[in-house]
Every structure is written in structure tokens, then in C-alpha cells.
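Everything below concerns the one structure shown next.
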There are 2 protein chains.
Amino acid sequence: MDAAEIRQFLEGSGLRCTPQRFAVMAFLTEHNRHATAAEIFEAVNRVDPRSSRATTYNNLRDLVQAGLVREVAVEGRGARFEAIGVPHHHFVCDHCGNVEDLEWYDVPKPAGGSLGKRVVRECELIFRGLCSNCAQRSASG
Amino acid sequence: MDAAEIRQFLEGSGLRCTPQRFAVMAFLTEHNRHATAAEIFEAVNRVDPRSSRATTYNNLRDLVQAGLVREVAVEGRGARFEAIGVPHHHFVCDHCGNVEDLEWYDVPKPAGGSLGKRVVRECELIFRGLCSNCAQRSASG
DNA sequence: GAAGTTTTTAGACTATATCTAATCTGAGAT
DNA sequence: ATCTCAGATTAGATATAGTCTAAAAACTTC
């Protein structure tokens, strides 16, 4: 996603393309990691050193509401965010806590009537275990 | 799980069965909800009004390490915990934030070599959408 | 019942997130 | 161009979540 696309996305959602908001979105699309609010704030701060924490949180809330960003569900302190791009699943390392993306594939929904009257919007698959690095380290250590 | 079983579980994991630790475990097994640390602390506090927040956190950490309790991955402030019992998946309501259990069924692992050298310990499936209550309310409202 | 270990406690401290009121910005109207 | 005003941003106070410390208490073992 390049700068012009980000601008279009924001304005298409009724959000002004402010420098701070743009910086949040740009950071999230560039680094497809699962950034904490602190990391995102730091990135916005590189663009404008006078920017406020509140703005980063406000913008993250707006972007999540607009459907451009997703809050990732992981245990541990501090929310994590990612730009909504190619769908994928997640792998969380027990040891180092890193979150990695796994290729998307369809997951079967619960069978029969067990969903009851619930309405499913999306589904996320989280694997847990040891990432490549930690697995090798624990094998050789 | 009754009182004697909880005691056995704790001692089998090398943990003393203290009143506070017992209270944490008992609350989590009774209420198979996905309790926040604050709710658990409140429950422990009903048993012993002088108990400390730190103790609840210590005990939750110990119980997670011992494999009797799991920290549930959900977005939002405040970690949530559940006793490890029958395996199940989760449904998170977009609207009210409640976490509900869904019947367990096997989920296919990523195909081929896409896991690389990762070692998978467990897998969790999270559905998101509207719970029965919120779905009905939004349909009729 | 003494000695040593584990656990708990109170409260300070750190980290994370939100709120408030004042100020600033920019896109459309003129 | 510049006025206007809703939407955005700011600093800093406040709220919420979690951790740490040192001392006291509660068990275990002898």
C-alpha cells in the first residue's frame, strides 16, 4: 500500500488524512508485524516529535472502527495492532512472545446448531509453541 | 472439579494448597467464564478480605506455569484466565465483549512446510461476531 | 518447637490507557 | 484569500493493570 492509497483509504472512511494518522497507517502497512501502541507511538513521534500519546490512541481507535486496522488478540501486556491486509493466521511463541503470520487457509465452522443464534463475522486461528529461533535454541542448548 | 480434586491437582503440581490459591482455582473451575484478574481478586477477597492483589497475581502465574490455568488471548484491557478443563474454542462478541465457549473440534494444521521449524504446542480458534443476545437486540432494535 | 522454606501482605512503583480542556488545522463557503 | 467551525491534536492529569520489595506469617521437616 503506497502513500496515495493510504490517503484514499482514510478519506474513503471519512477520516482526514492528518500527518499523525497517516504515520500510524504507514507504519502498520510497512511493518507487517504486530506492533504495540508504544512502538506505533514511537514511529509517529519520529515523524512529529511533538505528537501526543493520546493522538496515537485516538487514531488507532478510529482506524479500528473504520475497519482499516485490527487489534490482535494476544495475551500479555499492551494491545497489538496490524493493518488489515491479506488474511492470515497467527503463531505466538511461548518463549519470546513474538507473533508471526501463517498462510491463510479456510477453517471449518462449528457443526450443526452449536453456534445457536450467534452471528459470525470472522474467525482467527492461533497456534502456540516455539518459533524457529526458540525451537533451535532449546534443541541445541 | 470438587474441593478434594483441586487440592490434589495443586499438590500434584508441587504447589501448596493455600486458602488463597485454592480460592483462585475454585473460582475458575466453578465459573467457567473467562475471568479478569480483578474478578478473581474480588472472589479471593470474599474468602479472605485481607488478601493482597500481589498474591492473586502470584497464584495466577503459578497456576499457569503448573498447567492448570490458561491465560485467554482476547483484545482489550486486562488479562483473562480460565481453568483448563474440556478443550474448547472461543467466541468473542464484538458488541458486549463477552467470551463464550464453543464445542471442541479438530482444526487442520497449516499444510506442507509452511510451519518451517516451528514447534506447535496447541491451537486455538477464535470466532468473532455477535453473541445470541446482541444479535437479537440488533435485529429487533 | 526450632529452623528453614514457601507464601502472603501492604503499599510503593512501573506500565498502559484514557480523559479533559485548551489550542490548532484544514476544507468548504464566501 | 480568509473566515468558519467541526474535527484533530496537545500536555498533562487521571485511571487502570500489573509488578516489586521487604517484612511478617504460615506451613514442613526434623
Side-chain angles (χ1 to χ4, degrees), chain A residues 6-27 34-66 68-69 71-81 97, chain B residues 6-27 34-66 68-81 97 99:
Chain A
I6 291 177
R7 183 176 305 267
Q8 276 193 323
F9 254 121
L10 293 176
E11 289 172 353
S13 303
L15 299 170
R16 274 198 207 153
C17 183
T18 67
Q20 296 87 342
R21 193 171 282 155
F22 181 91
V24 169
M25 200 62 204
F27 180 77
H34 308 80
T36 62
E39 289 167 337
I40 297 166
F41 172 60
E42 199 191 333
V44 174
N45 217 253
R46 276 197 293 276
V47 174
D48 175 0
R50 282 172 30 81
S51 72
S52 149
R53 230 188 331 285
T55 300
T56 296
Y57 283 105
N58 286 344
N59 282 328
L60 283 168
R61 180 187 12 71
D62 295 345
L63 291 168
V64 168
Q65 271 176 5
L68 303 177
V69 167
E71 185 175 342
V72 183
V74 288
E75 64 272 42
R77 307 257 299 253
R80 283 165 181 265
F81 299 86
Chain B
I6 290 177
R7 182 175 306 267
Q8 275 191 324
F9 254 120
L10 292 176
E11 288 171 354
S13 302
L15 298 171
R16 274 195 207 156
C17 183
T18 67
Q20 295 87 341
R21 192 171 283 157
F22 181 89
V24 169
M25 201 61 204
F27 180 77
H34 308 80
T36 61
E39 290 168 337
I40 298 166
F41 172 60
E42 199 191 332
V44 175
N45 217 252
R46 277 197 292 276
V47 174
D48 175 0
R50 284 175 27 80
S51 73
S52 149
R53 231 190 331 284
T55 300
T56 296
Y57 281 105
N58 286 344
N59 281 328
L60 283 169
R61 182 188 10 73
D62 295 345
L63 290 169
V64 168
Q65 271 178 5
L68 303 177
V69 167
R70 182 200 333 270
E71 184 174 344
V72 183
V74 288
E75 63 274 42
R77 308 258 301 254
R80 282 165 181 266
F81 299 86
V99 182

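Predicted model only: the values in this text are computed from it and were never measured. Order of the sequence lines sets the chain letters (A, B, ...), proteins ahead of strands, with each chain counted from 1.
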Rounding to a whole Å, what distance do you find between B:Leu10:CG and D:dC27:C1'? 15 Å
State which residues pass salt bridge (Lys or Arg N to Asp or Glu O under 4.0 Å) with A:Arg46; sequence neighbours excluded, sorted by chain then number. A:Glu42
Output the distance between atom CZ (B:Phe22) and atom CG (B:Leu15), rounded to the nearest 0.5 Å. 14.0 Å
Name all residues meeting the salt bridge (Lys or Arg N to Asp or Glu O under 4.0 Å) criterion together with B:Glu39; count only those two or more places apart in sequence or in a different chain, and write none if there are none. B:Arg33
What is the distance from atom CE of A:Met25 to atom CZ of A:Phe81, rounded to the nearest 0.5 Å? 12.5 Å
Would you give a per-nucleotide map of nucleotides 2-11 of chain C, 5' to 3', where B means the base has a protein non-hydrogen atom under 4.0 Å away, S means only the sugar-phosphate does, and - means neither? ---BBSSBBB
Report the residues that fulfil side-chain hydrogen bond (donor to acceptor under 3.5 Å, both in side chains) with B:Arg7, sequence neighbours left out, ordered by chain and then residue number. none
Among residues 34-44 of chain B, which residues get a heavy atom nearer than 4.0 Å to DNA chain C? none
Write out all pairs satisfying salt bridge (Lys or Arg N to Asp or Glu O under 4.0 Å) with one or both partners inside residues 11-27 of chain B, taking only residues at least two apart or from two chains. B:Arg21-B:Asp62
At less than 4.0 Å, is any side-chain N or O atom of B:Tyr57 found next to OP1 or OP2 of D:dT19? Yes or no. no
Rounded to the nearest 0.5 Å, what separation is found between the CG atom of A:Leu63 and the CG atom of A:Asn58? 10.5 Å
Roughly how far apart are A:Ile6 CD1 and A:Gln8 CD, rounded to 0.5 Å? 11.0 Å
